[in-house]
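Residue numbering restarts at 1 for every chain, and letters A, B, ... go by the order of the sequence lines.
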Amino acid sequence: MLLQNQSPVLRPQTTAHLAQTMSLLELTSGELKQRIESAIASNPALELVEETRCPQCHRILPPRSLCPICSRPNPISSDQPIVFISPRSIIMDFEYDGSESDNSQEDWATETENLPTFVFRQIAPELAVEDRHLAAHILSCIDEDGLLTVPPIEIARYNHITLERLHNVISLIQHAEPTGVGSPSPQAALLVQLDVLSETHNVPKLAYEAVKQGIDLLSRHAYHELAKVLNISKTEAQRIAQFISENLNPYPGRAHWGDIHQCGEAPHTYQNPDIIITQYSDDPDARLIVEILAPFSGSLRVNPLFQKALVEAPADKINEWQTDVEQATLLVKCLQQRNHTLVRLMQVLVVLQRGYILHGDSFLLPITRASLAEELGVHESTISRAVSNKAVQLPNKRIISLSKLFDRSLQIRTALKEIIAHEAEPLSDTIIADLLLNQGFPVARRTVAKYRSMEGILPARLRITNKIYQENP
DNA sequence: CTATGGCACGGATT
DNA sequence: AATCCGTGCCATAG
């Protein structure tokens with residue numbers, strides 16, 4: 001019966017199988033959840049079986065499986081991490097208490113970019129119902145820096161509304177966390193931040209003017225000119241500049257993503273993890289535990305009862321039922337394939353990047369997707385798909401994009417930041433390139449320049465001699 | 001003359 | 001096949 005069933009199913013659909021596995025691979029757990037929910041809703045042959053729990057640690061487990069952690073004889077230290085699919089679903093609850101449930105929610109909730117979601121949640125209560133769609137639209141236009149790149153007029157025209165109404169909504173967005181998000185320019189973001197800051201803190205009187213009139217001077221560190229414009233002394237100007245660079249952020253979107261300024265519990269993070277890495281104990285040699293989050297508790301399978309019933313199916317239904325079973329089988333298989341791939345991927349990856357996972361940016365090894373693909377014996381595009389769009393939570397509670405583990409330049413960029421942070425006097429790009437070479441990073445001078453601008457570091461000429469850097473790990 | 005930013009090419013990524 | 005990123009070459013600013 002099995003053969004009868006499967007050969008006609010699998011042979012013609014091998015390509016479909018492959019294609020579906022691929023498409024499942026690149027899904028976030030949240031997206032996967034939706035995908036599976038809709039599949040279950042439309043296909044009676046699919047069944048979600050109940051979860052079980054490990055008697056010792058109460059982890060939720062797939063049915064009939066042993067707890068991957070408690071069942072290990074020696075779980076404490078080993079090079080090999082424990083990697084497993086964890087059906088606990090701490091995932092993606094985009095609902096906020098409002099009575100919101102219309103289509104605009106889908107628009108943004110399914111996006112993998114979560115800064116918009118984060119902001120939307122905050123402003124939702126204050127938002128008029130008819131402006132929700134508008135807010136979602138605006139938020140979707142925000143770039144990684146948290147700035148609104150599309151000119152407001154275009155948005156207004158597109159939605160057929162007045163500029164005034166648009167500006168009301170934008171202003172609401174700007175005053176949400178991170179303050180200034182959704183501003184059309186760094187300058188506007190700074191102004192909003194000053195505005196908010198002045199309600200609770202003592203803001204230098206001229207800071208506002210400095211930003212308003214001297215934004216370009218400020219960014220070039222041209223203090224004498226700034227002083228002239230504001231009609232104050234140069235040291236005054238420097239003080240104001242200092243205040244601004246310490247308290248304001250021209251790119252509101254960058255603040256929360258990478259930096260480690262809050263070490264406590266994870267604050268609002270913009271992205272829900274797909275993978276969670278924890279340490280078994282405080283021992284630095286302790287084994288790493290990698291949980292790949294499945295989007296539902298329990299596990300998915302083809303309903304055996306339905307399959308049995310197939311034999312006695314009424315004549316008019318038999319075709320329909322048959323395809324249901326076929327599709328269900330396919331989906332389950334693809335899902336297993338996805339999980340299998342992810343597990344193997346993480347197993348290798350975690351071993352390789354252990355240093356980074358435990359000790360931070362400067363230990364990141366430059367791994368290429370291609371090399372990993374070779375090691376695993378899969379096509380590189382498979383890795384590429386598996387890696388994209390996924391977020392991973394590290395033991396220190398930071399959530400980063402999985403693709404960061406493949407970032408060839410991060411290690412160098414942190415080294416570069418180190419150098420500049422500790423420099424006694426501004427070093428030119430050429431010298432920095434040499435220093436990096438000594439540390440084992442052969443980078444071109446030109447590239448140093450690029451990394452600098454990436455990190456928002458000014459050219460040597462414009463740096464102050466003994467600049468104090470706020471961000472120190 | 002030196003330090004940088006812009007443009008374009010080749011390899012990696014998707 | 002389209003796109004992104006590191007790099008080399010050249011023009012420009014100081």
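- Rounded to an integer number of Å, the gap from CD1 of A/Ile383 to P of B/dT13 is 11 Å.
- Checking the phosphate oxygens (OP1, OP2) of C/dT7, a side-chain nitrogen or oxygen of A/Thr447 falls inside 4.0 Å.
- For A/Arg408 and C/dC5, the CZ to C1' distance is 7 Å, given to the nearest whole Å.
- Put simply, CZ on A/Phe406 and OG1 on A/Thr368 are 8.5 Å apart, with the number rounded to the nearest 0.5 Å.
- Comparing atom distances between the A/Ser384 side chain and each of B/dT13, B/dA3, B/dT14 picks out B/dT14 as nearest.
- The nearest whole Å value for the distance from the CE atom in A/Met454 to the P atom in C/dT7 is 11 Å.
- Side chain of A/Glu380 to main chain of A/Ala373: no donor-acceptor pair is present (N/O by atom type, distance under 3.5 Å, no hydrogens or angles).
- Distance CD1 (A/Ile432) to C1' (B/dT4): 12 Å, rounded to an integer number of Å.
- Among the atoms of the strands shown, none is found under 4.0 Å from any heavy atom of A/Ser381.
- When each of A/Arg445 and A/Lys450 is assigned the nucleotide of DNA chain C with its nearest heavy atom, A/Lys450 is the one assigned upstream, toward the 5' end.
- Taking atom CD1 of residue A/Ile367 and atom P of nucleotide B/dT13, one finds them 12 Å apart after rounding to whole Å.
- In this structure, the CZ atom of A/Arg452 is 16 Å from the C1' atom of C/dG6, given to the nearest Å.
- Of the possible polar contacts, none joining the A/Asp324 side chain to the A/Asn43 backbone as a donor-acceptor pair under 3.5 Å is found.
- For A/Tyr451, a side-chain nitrogen or oxygen approaches OP1 or OP2 of C/dG6 to under 4.0 Å.
- DNA chain B is contacted by both A/Arg369 and A/Ser428; A/Ser428 maps to the nucleotide lying nearer its 5′ end (nearest heavy atom per residue).
- The A/Arg446 side chain lies nearest to B/dG6 when the options are B/dT14, C/dG6, B/dG6.
- Whole-Å rounding puts the A/Asp429 CG to B/dG6 C1' distance at 15 Å.
- Here A/Ser409 reaches the OP1 or OP2 of C/dG6: one of its side-chain N or O atoms lies under 4.0 Å away.
- Comparing C/dT7, B/dT14, B/dG5 against the side chain of A/Ala444 picks out C/dT7 as the nearest.
- A/Lys390 has its NZ atom 12 Å from the P atom of B/dT14, to the nearest Å.
- Nearest heavy-atom pair, A/Ala386 versus A/Leu402, reported as atom, atom and distance to 0.1 Å: O-CD2, 4.2 Å.
- No option in A/Leu436, A/Thr447, A/Leu435 other than A/Leu436 meets the side chain to side chain contact (heavy atoms under 4.5 Å, CB included) test with A/Phe441.
- In this structure, A/Ser388 reaches neither bases nor backbone, as no heavy-atom distance under 4.0 Å exists between it and the strands shown.
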